[in-house]
Number of protein chains: 2
Amino acid sequence: MNQSEFSHDQLDVAEALRAAGLQVTAQRLAVYHAVQATPHAIADEICQAVRLELGVISRQAVYDALNAMSEHGIIRRIQPAGSAARYEHRVDNHHHLACRNCDNLIDIDCAIGEAPCLVAEHDHGYQIDEAEVTYWGICPDCLSHGGSS
Amino acid sequence: MNQSEFSHDQLDVAEALRAAGLQVTAQRLAVYHAVQATPHAIADEICQAVRLELGVISRQAVYDALNAMSEHGIIRRIQPAGSAARYEHRVDNHHHLACRNCDNLIDIDCAIGEAPCLVAEHDHGYQIDEAEVTYWGICPDCLSHGGSS
DNA sequence: GCTAATTCTTGACAGTGTAAAGAATTGGTC
DNA sequence: GACCAATTCTTTACACTGTCAAGAATTAGC
């Protein structure tokens, strides 16, 4: 499998930022690094991870970096129901599996492979470009620790 | 199609509340009525609609009613990315079509018909009960009024 | 090194949703 | 109709997510 397209290292990120017309800063590289190291993290967790790497960074700079990079397709923003926005570095077409009991969220590869991987019956005049799929269920951990509670 | 299972009127809601072990109160009936009258409304809009009907209601009572009813399957809670939670009275298996430009959100009937209407390739040990699908695109209004902005 | 544009820091703010304690209401029973 | 226990509503306060704005610092290009 050709993963190099989707797992950027620091150099690739710098190039991607420049290609998007964004400046390359230590903060943005560190934010990307944190997203890569801890997929599905929320903004606050990324903020803490970046502080471990850089020492200090403002909350606003983290939000700016996350928004700027997700708007340009360098990272991907996902927002499961009942949770704050989460971020991940994989930008290929894949979906998510969420636990109703805990906040666990994992990736699922798309069975089709290319976006939009589903076609709606009626598009109602919309120009559809993506089908976001979230599977809901109970994760193995919660199942084994008494799923009925 | 047997839609009577899914489109409750006030009496049905009272029965559904009792069946769920919840008390029947004017506030809850009014909240359900508001959800039914304005699908995809956020909590604040529902709060305002209920105040038109009842006169006064506390914000907390609205949240309580929405949470209690959605937990028991009487209404359904959806949470599109970048927006607060929205509520709808249809609890059958259908999906949503969201505009990236404005906040427009409409229903799409499920092509398959029964939940979960999709099967993940690998369930990773999860006990999956629902596949939530959100189609993202540009709505006809935004397309005609210059979709590039 | 210098300049213009972008980005980061700092502080404040709006909106969503929850927590807790006491008052009011509901449902069941007498 | 009255009473009681349980639930629900009101009120107030709070945590959290995310944004806005102004000035300082950094980046990229020359």
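Chain identifiers are assigned alphabetically (A, B, ...) following the order of the sequence lines, protein sequences preceding nucleic acid strands; residue numbering begins at 1 within each chain.
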Let me know, please, whether B:Arg59 or B:Gly21 comes out on the 5' side of the other along DNA chain D by nearest nucleotide.
B:Gly21
Give the cluster check for B:Tyr87 versus B:Leu22: same hydrophobic cluster or not, with ILVMFWY residues linked at side-chain heavy-atom distances below 4.5 Å.
yes
Over how many whole Å does the gap from A:Arg28 atom CZ to D:dA28 atom C1' extend?
13 Å
Please produce a list of atom pairs where a protein N or O lies less than 3.5 Å from an N or O of nucleotides 23-30 of chain C.
| unit_1 | atom_1 | unit_2 | atom_2 | d |
| --- | --- | --- | --- | --- |
| C:dG27 | OP1 | B:Val24 | N | 3.4 |

How would you list, by chain and number, every residue that makes a side chain to side chain contact (heavy atoms under 4.5 Å, CB included) with B:Asp64, sequence neighbours excluded?
B:Arg28
Could you tell me the separation between the OH atom of A:Tyr63 and the P atom of D:dC16, rounded to a whole number of Å?
12 Å
Can you see which heavy atom on A:Cys139 is nearest to which on A:Cys102, and at what distance?
SG-SG, 3.7 Å
Just how far, in rounded Å, is C1' of C:dC8 from CG of A:Leu29?
14 Å
To the nearest 10 degrees, what angle separates the axes at the start and end of the helix from C:dG1-D:dC30 to C:dC30-D:dG1, five pairs each?
40°
Under-4.0 Å salt bridge between B:Arg100 and A:Asp129
yes
Non-hydrogen side-chain atoms of B:Tyr135 and B:Ile108 separated by less than 4.5 Å
yes
Taking C:dC8, D:dT10, C:dT18 as options, the one with an atom nearest any side-chain atom of B:Ile57 is D:dT10
Test: B:Arg76 and B:Glu132 ion pair at under 4.0 Å
no
Note: A:Ala14 and A:Val24 closest approach over all heavy atoms is O-CG2, 3.6 Å
Take atom CG of B:Asn67 and atom C1' of C:dA19, then tell me their distance rounded to the nearest Å.
13 Å
In whole angstrom, what separates B:Met69's CE from D:dT8's P?
12 Å
In whole angstroms, how far is the P atom of D:dG18 from the CD atom of A:Glu71?
14 Å
Expressed as a whole number of angstroms, how long is the span from A:Gln60:CD to D:dA21:P?
11 Å
Heavy atoms under 4.0 Å, any strand shown: does B:Ala85 hit a base, just sugar-phosphate, or nothing?
sugar-phosphate
Under 3.5 Å: donor-acceptor pair, side chain of A:His94, backbone of A:Asp107:
no
Using a strict threshold of under 4.0 Å (side-chain N to carboxylate O), is an ion pair present between A:Glu71 and A:Arg77?
no
Separation of A:Gln79 atom CD from D:dC16 atom C1', in whole Å?
13 Å
So which one's nearest nucleotide on DNA chain C is more toward 5', B:Asp44 or A:Ala61?
A:Ala61
